[in-house]
Amino acid sequence: MSWMTLSLTLIFVFIPLLLSKTLNLGLERDTIIATVRSTVQLIAVGFVLKFVFDSNHSVFILFMVLLMIIAAVQNARHKGKAIKGITWKLFVTFVAIEALTQAVLLGLHIVPATAQYIISLSGMVIGNSMVLAILFLNRFTAEVEAHREESELILSLGGTPKQSINRQLLKAIQASMIPTIESQKTIGLVQLPGMMSGQIIAGADPIQAVQFQLLVVFLLLATAAMTSVLLGFLSYRSLFSERMQLLKMESD
C-alpha cells in the first residue's frame, strides 16, 4: 500500500464526522484528535519498530516492552485510583504476566526469540491485560461500594477482610473475563481476527495463519484470567486498615 492509497482511506474518517455534524453529536473534535493522534503514533512506532527489528538487540527489545508496560499502567491507573498503591500493583501484574507468557513461548520454543515475535506478542498480551485490568477495577470498586454494609457486617462478626469482600472480588474477576470468553466463542464465525486477517492479506497460507491466531487466542485467554486474579489479590488487602476496617476508598 502506498501513502497515496492510504490517504484515500480518510474517506472512512469523513463518515463519522459527517454523521456527528448532521446529528449534532458533538464528536467532530474528538474524532479529528483521535485520527491525528493514531496516525502520528502509529507512524512513529512503525519507524521505531523497523529500527528495533533490524538491530534485533535484546536491550532495545526490553526497552520497547518496558515502554508498553509503563504506558499501560498510566492508562489503567486512572480507573483504579480509588485503590491505594494501584500504580505499583498494575506494574507488578503486567510484568508478571509478560514474564510468564514469554517464558512459556520462548522456553518451549513455540516462537523464535526475535524482536519481531517478542514485541508483537508482548503488545497483544500487555494491551489485552490493560483492558482487562480496567474492566476489573471498574467492577471491583463498584461492587465494594455497593456492598459496603454487608462487608462491614461480616467484619463485625469476626470475618477476615478476604471473607468480607470475597463475593465482590469473585464477581469482578468473573465479569472482567466474560468479554474475552464470549468473543472467542464466535471467533472465525462472526469475525476473522486481526493477526489471521493480516497474515492472509500478506499472502500467508490460511492454515498457518489459523495456527498463529489460535496461539493468540489461547494466550489472551490466559492473560484475561491471570490479570483479574493477580490484580484482585494484590488489591483487596489495601482496602482495609491494620485493624481490619474497610477504608473509605481514596485516590492513589
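All values derive from a computational prediction rather than experimental measurement.
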Apply side-chain contact (heavy atoms from CB on, under 4.5 Å) to the pair I61 and N56, showing each step before the final yes or no.
CA-CA 7 Å; I61 296 173; N56 198 33; 4.0 Å; yes
Would you confirm whether [X], through its side chain, and [Y], through its main-chain N or O, come within 3.5 Å as a donor-acceptor pair?
X	Y	value
S235	L231	yes
S228	A224	yes
K171	R139	no
S120	Y117	no

Heavy-atom neighbours of E182 CD exceed 12 at 6.0 Å:
yes
For H78, is the NE2 atom crowded, meaning more than 12 foreign heavy atoms sit under 6.0 Å from it?
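Yes, the 6.0 Å shell around NE2 holds more than 12 heavy atoms from other groups.
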Would you call [X] and [Y] a side-chain contact if the rule is heavy atoms closer than 4.5 Å?
X	Y	value
L105	L215	yes
M226	L132	no
S20	T31	no
M130	N75	yes
L121	T101	no
W88	V92	yes
L62	L66	no
I119	F53	yes

Might you work through the side-chain contact (heavy atoms from CB on, under 4.5 Å) test for I173 and L169, ending with a clear yes or no?
CA-CA 6 Å; I173 292 174; L169 180 60; 4.2 Å; yes
Set out, in order, the CA-CA distance, both residues' side-chain angles and the distance that settles side-chain contact (heavy atoms from CB on, under 4.5 Å) for V73 and F94, then state yes or no.
CA-CA 8 Å; V73 170; F94 295 157; 3.6 Å; yes
Quick one: pull up [atom1] in [X] and [atom2] in [Y] and give me the separation to the nearest 0.5 Å.
X	Y	atom1	atom2	result
I181	L220	CD1	CG	12.5 Å
T223	I97	OG1	CD1	6.0 Å
K89	I83	NZ	CD1	8.0 Å
Q74	I70	CD	CD1	8.0 Å

Residue from L27, L17, V13 passing side-chain contact (heavy atoms from CB on, under 4.5 Å) with I32:
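By the side-chain contact (heavy atoms from CB on, under 4.5 Å) criterion, I32 pairs with just one of L27, L17, V13: L17.
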side-chain contact (heavy atoms from CB on, under 4.5 Å) for V131 and T180? Distances and angles first, verdict last.
CA-CA 10 Å; V131 172; T180 300; over 6 Å; no
